[in-house]
Number of protein chains: 2
Amino acid sequence: MIENGFSFVEENYIKAVYHLNTQDGKPVSTNALADEMQTTAASVSDMLKKLSQKKVVFYQKYKGASISPKGKEIALKVIRKHRLWEVFLVDQLKFNWDEVHEVAEQLEHIKSPLLISRLDEFLGYPKYDPHGDPIPDEDGNFAQVKKEPLSVVEIGSSCQVIAVDDSSTAFLKYLDKMGISIGTKLRVEDKNEFDGSIDINLENDKSITVSPRAAENLLVATD
Amino acid sequence: MIENGFSFVEENYIKAVYHLNTQDGKPVSTNALADEMQTTAASVSDMLKKLSQKKVVFYQKYKGASISPKGKEIALKVIRKHRLWEVFLVDQLKFNWDEVHEVAEQLEHIKSPLLISRLDEFLGYPKYDPHGDPIPDEDGNFAQVKKEPLSVVEIGSSCQVIAVDDSSTAFLKYLDKMGISIGTKLRVEDKNEFDGSIDINLENDKSITVSPRAAENLLVATD
DNA sequence: GATACTATTTAGAATAATCTAAAAAAAATA
DNA sequence: TATTTTTTTTAGATTATTCTAAATAGTATC
Ligand SMILES: [Mn+2]
Ligand SMILES: [Mn+2]
Ligand SMILES: [Mn+2]
Ligand SMILES: [Mn+2]
């Protein structure tokens with residue numbers, strides 16, 4: 001696969017550097033990347049050298065890597081494809097939102113600009129994927145909604161779930177069981193000093209308690 | 001990609017051995033395979049050795065290769081995916097039938113049984129792809145319609161186009177221009193001794209002449 | 001600042017796939 | 001059958017990716 005110049009593996013690395021680097025702005029460490037990519041630090045070193053030569057990342061030995069403009073462009077194209085496919089799987093093929101990630105991880109590497117523009121059109125130009133993440137347009141622009149973890153919302157405040165920070169099957173199934181999904185409105189009733197768990201009140205007026213771990217991965221917009 | 005045990009490259013070879021071997025029943029020569037795969041005979045030799053070890057082809061040095069039952073199963077799964085995706089691209093995403101092959105060549109390697117069964121359902125369990133080729137079901141069974149090239153149809157006989165033997169953009173665009181597509185009914189009016197071209201009469205009663213090359217690649221069912 | 005610990009990089013090797021050139025086998029021809 | 005031509009296989013390299021183990025750089029601790 002030399003069509004667009006980047007292999008599946010390279011695309012996955014570029015995406016990972018983009019994600020980690022964009023989170024805090026700091027250069028991504030070799031170990032962080034190795035962890036994200038489920039590989040060894042040695043492999044990451046090799047790959048960063050290559051990606052640096054191809055000018056998609058900035059990289060200095062022992063100082064970590066950050067995404068370059070060219071790399072950002074590639075990353076956003078892959079992310080756009082990933083999220084559009086997720087929408088397709090959930091909206092059209094009736095996948096559950098916890099079943100789409102692995103398949104999208106494969107589909108995101110299909111090379112065909114026509115396919116993606118047609119898919120986008122077919123889906124009605126969606127702005128968000130099933131996990132609440134924004135879908136970049138052809139130019140890489142996407143909605144920047146300010147969202148915060150439920151864990152930092154003050155007691156008494158109302159908010160709406162707009163995304164999840166963890167798309168693992170385990171977490172999404174947990175949310176399904178709790179009756180929480182994208183769009184769910186809720187109010188923070190209390191925070192338990194003991195273990196950090198949070199009591200929330202849902203739209204149906206049912207009160208439930210979510211773990212601190214869950215509260216960190218539930219992203220909400222406060223009213 | 002070790003999930004199902006076979007790489008993209010291996011899947012492509014298996015498909016090629018299946019196709020060439022199933023056409024005439026004879027073992028496929030190294031050169032024929034090299035030609036089909038657009039690679040060298042040396043590479044084919046290497047790969048046949050490997051595929052033979054993996055028991056997906058039968059192979060003896062200097063005697064060519066044929067598909068094994070296990071190989072046939074894999075080939076038909078890949079072909080099923082290829083053709084289902086082609087239907088999706090044409091029926092849902094409004095691709096022209098000459099634009100789908102390359103993309104399907106990529107999509108056929110996506111590993112997800114759920115994706116394919118859902119896609120099949122979504123498309124309404126199609127039996128044929130946009131080029132008239134039958135789509136195998138989950139068990140590898142598919143409709144076996146007897147079809148013959150237009151070139152062998154007798155003068156005066158009526159028939160219906162049911163498939164094309166060549167899915168190249170060049171040929172399909174030629175057919176578009178001629179107003180011929182899958183399902184077109186026609187009658188053979190005359191064969192020109194001079195160059196082998198054939199005069200046919202279409203449904204709209206328009207008469208056209210097709211080249212011998214075209215007549216060989218147009219597969220029809222006689223009434 | 002010397003020592004200890006951690007993070008990162010290099011060295012060297014493995015697997016997958018491919019290629020060129022040379023050797024060997026099979027087929028065709030004389 | 002002997003010779004020539006074609007096909008196929010092997011030998012030896014090359015690129016991409018990954019890994020283990022060893023070396024080195026950077027950070028933390030006393
Ligand atoms: Mn991926
Ligand atoms: Mn997502
Ligand atoms: Mn393919
Ligand atoms: Mn087809």
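Numbered from 1 within each chain, the chains take letters A, B, ... in sequence-line order.
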For DNA chain D, the residues among residues 54-68 of chain A that have a non-hydrogen atom under 4.0 Å from it:
A:Tyr62

Does a side-chain N-to-carboxylate-O contact under 4.0 Å join B:Lys15 and B:Glu105?
yes

Salt bridge (Lys or Arg N to Asp or Glu O under 4.0 Å) contacts in which one or both residues fall within residues 54-72 of chain A, not counting sequence neighbours:
A:Glu10-A:Lys54

Who passes side chain to side chain donor-acceptor pair (under 3.5 Å) against A:Thr169, sequence neighbours left out?
none

Identify all side-chain donor-acceptor contacts of residues 121-131 of chain A below 3.5 Å with residues at least two apart in sequence or on another chain.
| unit_1 | atom_1 | unit_2 | atom_2 | d |
| --- | --- | --- | --- | --- |
| A:Asp129 | OD1 | A:His131 | N | 2.6 |
| A:Asp129 | OD1 | A:Gly132 | N | 3.1 |
| A:Asp129 | OD1 | A:Asp133 | N | 3.0 |
| A:His131 | ND1 | A:Glu86 | OE1 | 3.1 |
| A:His131 | NE2 | A:Trp97 | O | 2.9 |

Tell me which residues in residues 26-35 of chain B lie within less than 4.0 Å of DNA chain C, going by non-hydrogen atoms.
none

Please pick, from D:dT10, D:dT18, C:dT18, the nucleotide with the shortest atom-to-atom distance to any side-chain atom of B:Lys49.
D:dT10

Residues two or more places apart in sequence or in another chain: which of them pass side chain to side chain donor-acceptor pair (under 3.5 Å) with B:Lys49?
none

Nearest-Å distance, CG (A:Asp46) to P (D:dT20)?
13 Å

Considering residues, nucleotides and ligands other than B:Gln60, do more than 12 of their heavy atoms fall under 6.0 Å from its CD?
no

When you measure from the side-chain N and O atoms of A:Thr40 to the phosphate of D:dT20, is any distance below 4.0 Å, counting only OP1 and OP2?
no

Where each residue is assigned the nucleotide of DNA chain C containing its nearest heavy atom, which of B:Ser43 and A:Ala42 is assigned the position nearer the 5′ end?
A:Ala42

How close or far is atom C1' of C:dT9 from atom CG of A:Leu48, stated in whole angstroms?
11 Å

